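Below: the structure, in structure tokens.
Residue numbers begin at 1 in each chain, while the letters A, B, ... track the order of the sequences. Computed from a predicted model, the values in this text were never measured in an experiment.
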There are 2 protein chains.
Amino acid sequence: MVHVFRALDDETRRLVLDELSVRDGQTLFEICSVLTMRHGLSLTRQAISQHLGVLESAGLVVTERRGRSKFHYFNPEPLAEITGRWPTRKRTEQ
Amino acid sequence: MVHVFRALDDETRRLVLDELSVRDGQTLFEICSVLTMRHGLSLTRQAISQHLGVLESAGLVVTERRGRSKFHYFNPEPLAEITGRWPTRKRTEQ
DNA sequence: ACTTTAGGCAAGGCGCGACTTGCATGTCAA
DNA sequence: TTGACATGCAAGTCGCGCCTTGCCTAAAGT
């Protein structure tokens with residue numbers, strides 16, 4: 001089980017979440033190609049796969065397998081832990 | 001300049017923000033002792049100092065120096081980057 | 001059955017971040 | 001000014017995370 005904060009501490013994983021926000025339910029290869037085309041990333045398929053594993057372990061991505069394809073969906077629920085941990089207020093006067 | 005996501009990817013730094021949320025404007029030694037007492041941490045003063053440096057570099061902590069003391073204040077503003085990056089909606093149907 | 005396609009598993013390299021140790025700087029009190 | 005207090009700087013160790021390479025499993029097409 002990977003912590004949400006650690007999952008978000010990587011620009012590639014954040015870009016993956018960006019992409020899934022635009023178009024949900026993409027496969028590994030689709031994510032690979034769109035990351036290469038639109039963001040100039042040159043990573044191997046395994047690298048992206050490991051990133052997706054981290055995101056899934058953190059609960060930020062849920063998957064569904066159909067045949068030989070695996071579809072990835074963005075799940076924003078764990079983000080609530082971040083927004084709820086600290087009160088969003090202005091700093092107090094000293 | 002440290003990224004907000006990286007600054008938050010450390011339980012010690014998150015505890016520091018927790019403590020500053022409870023009582024703002026603490027010095028390095030105060031943070032050290034309260035982390036040791038209340039959270040069972042056994043870190044050196046330098047370790048905590050480096051953590052505070054990361055938080056300050058990320059903009060999550062602002063400081064003010066008076067004499068030989070340095071006071072640390074929690075600044076929640078950078079957290080907006082997290083909450084604003086991804087839409088908080090339920091996942092679409094496939 | 002054979003090939004192609006989509007993905008998984010495991011080991012290794014490599015760099016960076018967390019932490020420590022030691023010394024230096026600057027401030028306040030007596 | 002001398003000593004104690006609060007913090008800063010720098011080098012070094014060590015573990016872990018990111019990425020690659022290589023091989024394997026399984027589903028679909030022909």
Side-chain angles (χ1 to χ4, degrees), chain A residues 1-17 19-20 23-37 39-58 60-73 94, chain B residues 1-20 23-37 39-73 94:
Chain A
M1 182 73 85
V2 172
H3 206 291
V4 187
F5 295 99
R6 192 170 90 62
L8 291 178
D9 180 20
D10 188 282
E11 182 60 23
T12 302
R13 287 196 285 268
R14 293 193 289 267
L15 287 176
V16 168
L17 292 185
E19 279 307 321
L20 291 181
R23 191 161 75 88
D24 216 9
Q26 298 191 52
T27 67
L28 172 59
F29 269 83
E30 289 174 323
I31 297 174
C32 280
S33 58
V34 81
L35 249 55
T36 318
M37 302 296 177
H39 300 279
L41 290 204
S42 60
L43 294 179
T44 59
R45 173 184 56 86
Q46 284 81 355
I48 309 291
S49 176
Q50 288 174 11
H51 281 306
L52 287 172
V54 173
L55 288 171
E56 186 174 5
S57 174
L60 286 166
V61 160
V62 292
T63 62
E64 182 194 9
R65 182 134 210 174
R66 278 206 305 272
R68 60 182 169 180
S69 293
K70 189 177 180 184
F71 301 93
H72 301 78
Y73 301 91
Q94 70 268 7
Chain B
M1 184 73 86
V2 171
H3 207 290
V4 187
F5 294 100
R6 191 168 92 61
L8 291 178
D9 180 20
D10 188 282
E11 181 60 23
T12 302
R13 287 196 286 268
R14 293 193 290 266
L15 287 175
V16 168
L17 292 185
D18 289 342
E19 279 307 321
L20 291 182
R23 191 162 75 88
D24 217 8
Q26 297 190 53
T27 68
L28 172 59
F29 269 83
E30 290 173 323
I31 296 174
C32 281
S33 58
V34 81
L35 250 55
T36 317
M37 302 297 178
H39 300 278
L41 290 203
S42 60
L43 294 179
T44 59
R45 174 186 56 85
Q46 284 81 355
I48 309 291
S49 176
Q50 288 174 11
H51 281 306
L52 286 172
V54 173
L55 287 171
E56 186 175 4
S57 174
L60 287 165
V61 161
V62 291
T63 62
E64 182 194 8
R65 183 133 209 174
R66 278 207 304 270
R68 59 181 171 182
S69 295
K70 189 177 179 183
F71 302 93
H72 301 78
Y73 300 91
Q94 69 266 6

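- To the nearest 0.5 Å, atoms SG (B/C32) and CD (B/E19) are separated by 12.0 Å.
- Among the heavy atoms of the strands, none lies under 4.0 Å from B/T63.
- In terms of modelled atom types and a separation under 3.5 Å, the side chain of B/R14 and the main chain of B/L8 share a donor-acceptor contact.
- What separates NZ of B/K70 from P of D/dG8 is a distance of 4 Å, to the nearest Å.
- For B/D10, the listed nucleotide lying nearest its side chain is C/dA18; candidates were D/dT7, D/dC19, C/dA18.
- Summarising the geometry, the separation between CD1 on B/I48 and P on C/dC19 is reported as 8 Å, rounded to the nearest angstrom.
- Regarding B/L52, its CG atom lies at a distance of 13 Å from the P atom of D/dC9, rounded to whole Å.
- Listed pair A/S49 / C/dG7 fails the phosphate criterion, with no side-chain N or O lying under 4.0 Å from OP1 or OP2.
- When the P atom of D/dC5 is taken as reference, atom CD of B/E30 falls 16 Å away, rounded to whole Å.
- Rounded to whole Å, the distance from CZ on B/R66 to C1' on C/dC28 is 15 Å.
- The shortest distance between the side-chain N/O atoms of A/R45 and the OP1/OP2 oxygens of C/dT5 is not below 4.0 Å.
- The CG atom of B/L8 sits 12 Å away from the P atom of C/dA18 (whole-angstrom rounding).
- For the atom pair B/R6 CZ and A/D10 CG, the distance stands at 12.0 Å (nearest 0.5 Å).
- Atom NE2 in B/H51 sits 9.0 Å away from atom CG in B/L35 (nearest 0.5 Å).
- Within 3.5 Å, a donor on the side chain of A/Q46 pairs with an acceptor on the base of D/dG22, or the reverse.
- When the side-chain nitrogen and oxygen atoms of B/H51 are compared with OP1 and OP2 of C/dC19, one or more of them lie within a distance under 4.0 Å.
- For a distance-only test at 3.5 Å, the side chain of B/R68 fails to qualify as a donor-acceptor partner of the base of D/dT7.
- A sub-4.0 Å separation between OP1 or OP2 of C/dA18 and a side-chain N or O of B/R13 is present.
- Counting only heavy atoms from C-beta on, A/T44 has its side chain closest to D/dT21 among C/dC19, D/dT21, D/dA6.
- In this structure, CZ of A/R6 is placed 14 Å from P of C/dG17, rounded to the nearest angstrom.
- Each of A/G67 and A/A47 was matched to the nucleotide of DNA chain D holding its nearest heavy atom; the match closer to the 5' end belongs to A/A47.
- In this structure, CG on B/L20 lies 8.0 Å from CG on B/L55, to the nearest 0.5 angstrom.
- Rounded to whole angstrom, the span from the CD atom of A/E64 across to the C1' atom of C/dG7 amounts to 16 Å.
- At C/dA6, none of the side-chain N or O atoms of A/T27 fall inside 4.0 Å of OP1 or OP2 (strictly under the cut-off).
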